[in-house]
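Here is the naming used below: chain letters follow the sequence lines, and residue numbers restart at 1 for every chain.
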Amino acid sequence: MRPFTYVRPDSAQAAIEAFAAAGPGARYIAGGTSLYDLMKLDIERPEHLIDVTAIRGLDGIETDGDRLRFEALAPMSAVAINRVVLRDYPVLAESLAKAASQQLRNMATVGGNLLQRTRCLYFRNGAGGVSAGMTYPCNKREPGSGCAAIGGLDRGQAVLGQSRSCTAVSPGDWPVALVALDAYVEILGRQGTRSLPVADLYRLPGGTPHLEFALTPGEIITAIVVPKAAAGRQSTYHKIRDRESYAFALASAAVALDMAGDTVRQARIALGGVATRPWRAVAAEAQLAGKQLTRETAIIAGRAALTGAKAGDHNGFKIELAARTVADALMIAAQRKPA
Amino acid sequence: MDGGERSGDDSSTITRRTALGGTAGLAAAVLIDAGAAVSAAPAPPPGATLLIKPIVNGRVTPVTIDPRTSLLDLLRELLGLTGAKKGCDHGQCGACTVHIDGRRVASCLTLAAKTDGRAVTTIEGLADGDGLHPMQQAFIDHDALQCGYCTPGQIMAAVACIREGKATSRASIREAMSGNICRCGAYVGIVDAIADVAGKGRRV
């Protein structure tokens with residue numbers, strides 16, 4: 001691993017100043033479960049690490065009033081067992097509980113998890129590090145070098161939102177649930193504070209897959225805010241994996257329903273595991289509005305969620321799998337007791 | 001809180017590691033000197049060392065590290081605590097599981113620098129002297145291992161699993177233990193051991 005300087009400021013403002021003082025090559029590090037991992041693979045090469053985990057008073061969980069507010073340094077494991085979250089927003093609790101392992105959920109923060117990088121095999125294993133078989137081109141890792149996943153072993157790659165430069169899947173579960181609930185992040189930078197919908201935090205790869213997040217250098221996500229919604233009670237995060245637990249999604253669906261009896265007033269649907277960013281399925285939501293929810297309408301909505309999906313050589317199964325994942329998620333959510 | 005530190009005089013104990021010629025204890029002693037304290041700016045130059053003071057198995061343990069050091073490498077290579085194992089070194093196998101401030105973590109993905117002032121408990125800190133921790137005894141009773149490489153991580157995760165209140169059913173135990181891989185396939189015995197300790201209602 002390449003050498004770096006390391007500081008551990010105790011306030012967000014001090015962290016931002018340290019970032020600015022460090023200059024190019026500076027990175028924030030929180031739980032480190034993604035960044036430190038990629039540093040070991042020589043994919044991330046920070047010259048200066050600003051550890052934000054000593055910042056005081058940035059790990060609170062607020063559930064009073066008309067919103068949930070999770071400060072960025074709250075561990076994923078803490079939010080996953082919050083009583084209000086468990087009762088009123090199972091989609092959030094499940095997205096966290098089904099991510100990684102308890103060890104990693106204890107380390108990873110809810111803010112840092114939003115910035116987790118892709119698990120694309122060619123991105124992760126192709127840098128020529130000790131654990132890599134050989135070096136592969138990757139436009140995300142080395143802009144302009146090409147994409148080995150396209151035409152390669154692409155079973156895990158995206159079927160939505162990909163470009164001719166990149167088909168890497170956005171790996172998160174929690175961001176998918178947040179996008180379904182119209183959450184936004186609070187961001188602190190040298191110019192002050194701003195907020196941004198979680199959905200807008202993620203860029204499509206287009207011709208610049210190395211640019212993943214809509215943050216400017218030095219900005220810190222300080223909190224995640226979820227507007228309260230009655231639909232939270234009838235919600236679920238349904239995740240389909242190669243093994244029963246502790247794996248990334250092949251396909252996942254975050255669903256929250258506002259129902260009048262058997263009729264859907266409004267459905268919120270987002271997909272994970274199949275797209276290059278957390279994927280809000282607007283067409284599927286429109287498809288369901290005002291309809292009775294049955295197994296038949298659920299699968300029609302599921303197929304609508306995959307509108308425009310394009311398969312590569314080995315990942316065509318994901319299109320039908322994701323459609324059925326959405327349908328199953330809708331049926332699970334509908335069985336839950338409304339508020 | 002986690003179990004107390006191990007009693008007894010470690011320096012007189014012949015371990016597998018010392019028998020194999022390791023000099024980890026000496027290395028740690030040599031490395032205990034002044035490094036840059038972990039604090040805010042100004043940043044030390046690249047390559048500078050850090051002085052950290054984790055509380056390892058109940059003992060304040062000042063040690064000077066390269067900032068790149070993982071907690072796992074600190075424990076194994078600098079402090080001679082080789083119970084936590086290096087399996088994948090990428091947070092995927094659970095063999096390196098230890099507790100920080102009572103919560104289980106993957107020590108391979110934890111920057112050692114983060115443990116300054118925090119309580120780190122390893123498998124070596126779990127037993128009460130020569131008396132095995134109930135979970136260690138249960139692993140023996142239920143034949144919950146074959147080669148044993150994953151076992152220290154399994155046991156640290158298992159203790160946390162019970163403390164977290166997740167050992168309520170075999171399904172819940174399996175889910176809570178999914179971060180610990182056993183390539184020998186001793187999973188049935190592992191679940192038996194955890195269910196046994198949890199069923200006896202003993203404080204772990």
Side-chain angles (χ1 to χ4, degrees), chain A residues 1-11 13-15 17-23 25-26 29-41 46-51 53-55 75 77-78 81 97-98 100-108 124-125 130-131 241 243-247, chain B residues 36-50 52 65-71 73 88-94 96-114 116-118 153 156-157 160-161 164-166 171 174-181:
Chain A
M1 192 185 305
R2 294 164 199 239
F4 53 84
T5 69
Y6 177 84
V7 291
R8 220 173 160 212
D10 61 5
S11 75
Q13 206 56 52
E17 294 310 320
F19 191 101
I29 186 164
T33 52
S34 185
L35 180 57
Y36 190 35
D37 181 34
L38 291 171
M39 287 161 64
K40 291 186 178 195
L41 294 169
E47 293 165 42
H48 310 280
L49 280 189
I50 293 112
D51 186 339
T53 54
I55 295 176
S77 58
I81 59 167
K98 292 179 180 179
S101 66
Q102 183 68 15
Q103 284 92 322
L104 299 179
R105 294 189 293 267
N106 280 338
M107 303 161 68
R124 265 187 76 77
N125 293 325
V130 238
S131 63
R241 292 166 271 191
R243 60 185 177 195
E244 191 177 332
S245 179
Y246 195 25
Chain B
V38 181
S39 64
T49 57
L50 298 169
I52 60 168
I65 58 164
D66 181 305
R68 292 172 288 189
T69 312
S70 69
L71 174 58
D73 284 344
C88 67
D89 209 23
H90 287 281
Q92 297 174 7
C93 77
C96 68
T97 301
V98 301
H99 298 177
I100 297 180
D101 293 339
R103 295 192 309 180
R104 51 173 154 160
V105 300
S107 62
C108 74
L109 284 192
T110 302
L111 279 170
K114 287 175 175 291
D116 186 35
R118 300 174 74 187
M156 296 309 287
C161 167
E164 291 156 11
K166 289 178 175 159
R174 284 171 57 86
E175 173 60 34
M177 292 295 293
S178 68
N180 292 77
I181 309 296

Which bit of B/Thr69 comes within less than 4.5 Å of chain A, counting heavy atoms only: side chain, backbone, both or neither? backbone
Measuring from atom NE2 of B/His90 to atom CZ of A/Arg124, what distance do you get when rounded to the nearest 0.5 angstrom? 6.5 Å
Evaluate whether atom CZ of A/Arg241 has more than 12 neighbouring non-hydrogen atoms of other residues, nucleotides or ligands under 6.0 angstrom away. yes
Could you look at A/Ala97 and say if it's the side chain, the backbone, both or neither that has a heavy atom under 4.5 Å from chain B? backbone
Any donor-acceptor N/O pair, A/Asn106 side chain to B/Arg104 backbone, under 3.5 Å: yes
Heavy-atom distances under 4.5 Å only: say whether B/Cys108 touches chain A with side chain, backbone, both or neither. both
Need one label for A/Ser11: side chain, backbone, both or neither, based on atoms under 4.5 Å from any heavy atom in chain B. neither
dist B/Gln92:CD -> A/Leu104:CG (nearest 0.5 Å) comes out at 9.0 Å
Below 4.5 Å, heavy atoms only, C-beta onward: do A/Gln103 and B/Leu109 meet side chain to side chain? no
OH of A/Tyr6 to CD1 of B/Ile65: how many Å apart, nearest 0.5 Å? 8.0 Å
Which bit of A/Asp51 comes within less than 4.5 Å of chain B, counting heavy atoms only: side chain, backbone, both or neither? side chain
Can you tell which part of A/Arg2 gets under 4.5 Å to a heavy atom of chain B, answering side chain, backbone, both or neither? backbone
Check B/Arg103 against A/Pro75 and note the closest heavy-atom contact, atom names and distance. NH1-CG, 3.3 Å
Kindly indicate whether the side chain of B/Met177, heavy atoms from C-beta on, has any atom under 4.5 Å from the side chain of A/Tyr246. no
Pick whichever of B/Asp66, B/Ile181, B/Thr110 has the most heavy-atom pairs under 4.5 Å with chain A. B/Thr110
CD1 of A/Ile81 to CD of B/Glu164, rounded to nearest 0.5 Å, is 8.0 Å
Rounded distance [0.5 Å steps], CG in B/Leu111 versus CE in A/Met107: 9.0 Å
CZ of B/Arg68 to NZ of A/Lys40: how many Å apart, nearest 0.5 Å? 12.5 Å
Who are the side-chain contact (heavy atoms from CB on, under 4.5 Å) partners of B/Glu175, not counting sequence neighbours? A/Ser245, B/Ser178
Any donor-acceptor pair under 3.5 Å linking the side chain of B/Lys114 with the backbone of A/Ala30? yes
